[in-house]
Amino acid sequence: MPQDQPPLQVALLGCGTVGSAVARLITEHGDDLAARIGRRIELAGIAVRRPQRARSLPGVPAELITGDADELVRRPGIDLVIEVIGGIEPARGLILAAMANGASVVTANKVLLAEDAGSLFAAAEEYGVDLYFEAAVAGAIPIVRPLRESLVGDEISTVIGIVNGTTNYILDKMDTVGSGFAETLAEAQELGFAEADPTADVDGFDAAAKAAILSSLAFHSRVRSADVHREGIAEVTSADIASAREMGCVVKMLAICELTDEPEPRVSARVHPAMIPLSHPLASVGDAYNAVFVETRSAGRLMFYGQGAGGAPTASAVLGDVVTVARNRVRGALGPGESNYASRGIAAMGDVVTRYHIRLEVADTPGVLATIAQCFARHGVSLQTVRQQTLAETAGGEKQLAEAQLVLVTHQATDQALQATVDTLRGLSEVAEVSSVMRVEGN
Ligand code: HSE
């Protein structure tokens, strides 16, 4: 190792759960990191909003803490800036200033990347620096680099991920314990698996940002959070989960990124709960774990699995990027820039082809099944399976109108046709209730 070279100077922005783990790893594993890079790296400063609090963090060098992030990123001689603050501003301004100062950037900021990756990549290009972001999607799991580098010679058709640990934990507990959404969420909050404000996770914002990043990389096109169709898990009921079980499925919150069919392939990115067969590789991903399933033309099916959050696991992904960027610096090289040459348009959710599971409570009288079947036929939706169960024929000894429960699973159709079918079903006098509607994926 060239010992005569001065250490690379690293600035850390943010010292929360991930930042403090990063600071500790850089400090404690300096010798190994230096051997892997070919030069030492040195923490030049750690910028935080509340310096007083950060100074007492164990393993974090108190003398490096500063409240002045603007000064730190503009300081002469900074080679690498690690941004783990999150959010749009001040993170974006700080990253752009760091790049203008000649520093490469490692960030875990999914919200910013899914909103404005274009300006970050443009600045990286302009100033000849690196932009790495492995930790922005699925924590410790290597998925950004596989899409950006390992699989870049292949043709990716689908990326389906469980990319939010909180919602996976809640759905998994609803499935295994049999409890409802609200009580499972409350328990998850008590145990620290869900945030006090769970909106970003439960309503799918977090997963949508990750889906935007994954789609951009997989399909060489710019995809932003706003382009991702988003439905959360708050409406998932114990009855949906039970219905999934009866079909040999499990309910998962999925991020689905795919290309729609010719003549003009478009990017479809969506996050929503869906039933997937127990035989699907993603079905066995339990607790707060994440996994990403990728299908490509040549490599076939690949599965990436691991911890999607947490200080140490996410810091592992950050450190991997730090070593890579530092190696690039030592060799005077640069990693890949933005690849958006395909510039695919975004598919409307209505045009996306999927399948529905629908459960109805209907009057058990002659002709009802035919009426329901006609409703599907009128919308051009083909039925795959129909299951009927009689619910009640008498109550209090008196003969009542018999009710039946119908569980229908469709063949593939456009989401628009499926939605229209459900809307029509809701208006039929024969239908007492449409008690569960959920997409079925992964066949
Ligand atoms: N809150 C996220 C999750 C982790 O539950 O997976 C950070 O993206």
Side-chain angles (χ1 to χ4, degrees), residues 14-22 82-88 91 106-115 117 132-144 159-175 181 184-217 224-225 228 230-234 236 251-257 269 271-273 282 285-293 304-318 320-321:
C15 202
T17 320
V18 177
S20 55
V22 168
I82 304 167
E83 185 271 312
V84 284
I85 305 173
I88 305 290
V106 170
T107 176
N109 195 331
K110 58 188 169 266
V111 173
L112 177 56
L113 283 159
E115 171 72 22
Y132 274 70
F133 47 93
E134 184 60 71
V137 182
I141 303 173
I143 185 61
V144 169
V159 180
I160 305 185
I162 293 173
V163 291
N164 183 268
T166 305
T167 46
N168 199 49
Y169 178 87
I170 292 171
L171 291 173
D172 190 41
K173 290 294 162 261
M174 285 174 74
D175 185 49
F181 169 76
T184 313
L185 170 62
E187 193 189 298
Q189 285 171 314
E190 251 170 56
L191 294 170
F193 284 106
E195 304 278 349
D197 177 2
T199 317
D201 295 316
V202 164
D203 291 350
F205 292 100
D206 177 80
K210 292 166 180 168
I213 297 170
L214 292 173
S215 305
S216 303
L217 296 173
R224 303 168 66 214
S225 280
V228 180
R230 180 183 53 77
E231 295 170 31
I233 64 162
V236 176
V251 176
K252 292 288 180 193
M253 174 70 158
L254 299 180
I256 302 173
C257 316
V271 299
H272 54 72
L282 289 172
V285 177
D287 287 319
Y289 278 88
N290 281 197
V292 184
F293 178 74
F304 301 82
Y305 170 85
Q307 296 191 67
T314 309
S316 163
V318 170
D321 281 353

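Order of appearance sets the numbers: ligands from 1, and atoms from 1 within every ligand. Just so it is clear, the values below take in all heavy atoms, side chains as well, and ignore hydrogens, waters and symmetry mates.
Looking only at distances, no side-chain donor or acceptor of Asp206 sits under 3.5 Å from a matching main-chain atom of Ala200.
For atom 2 (C) of ligand 1, the closest non-hydrogen atom on the protein side is Asp201 OD1, 3.5 Å. For atom 8 (O) of ligand 1, the closest non-hydrogen atom on the protein side is Lys210 NZ, 2.7 Å. For atom 5 (O) of ligand 1, the nearest protein heavy atom (residue, atom name, distance) is Thr166 OG1, 2.5 Å.
Taking distance alone, with nitrogen or oxygen atoms compared against 3.5 Å, Lys110 approaches ligand 1 more closely than that limit.
The distance from ligand 1 to the heavy atoms of Asp206 drops below 4.0 Å at these ligand atoms: 2 (C), 7 (C), 8 (O). Of all atoms in ligand 1, numbered sequentially from 1 with element shown, those under 4.0 Å from a heavy atom of Gly165 are 3 (C), 5 (O), 6 (O). For ligand 1, the atoms lying closer than 4.0 Å to a non-hydrogen atom of Ala309 are 4 (C). Under a 4.0 Å criterion applied to the non-hydrogen atoms of Asn164, ligand 1 contributes the atoms 2 (C), 3 (C), 5 (O), 6 (O).
A 6.0 Å sphere centred on OH of Tyr289 holds no more than 12 heavy atoms belonging to other residues, nucleotides or ligands.
Shown are Val236, Thr184, Asp175; of these, the side-chain contact (heavy atoms from CB on, under 4.5 Å) with Ile170 is made only by Thr184.
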Legend entry - Verdict with reasoning, Leu214 to Val163, per side chain to side chain contact (heavy atoms under 4.5 Å, CB included): CA-CA 10 Å; Leu214 292 173; Val163 291; 4.3 Å; yes
Inset, instruction - Please lay out, stage by stage, how Ile85 and Asn109 fare under the test side chain to side chain contact (heavy atoms under 4.5 Å, CB included). - result: CA-CA 7 Å; Ile85 305 173; Asn109 195 331; 5.9 Å; no
Legend entry - From CA spacing to verdict: side chain to side chain contact (heavy atoms under 4.5 Å, CB included), Glu231, Asp203: CA-CA 6 Å; Glu231 295 170 31; Asp203 291 350; over 6 Å; no
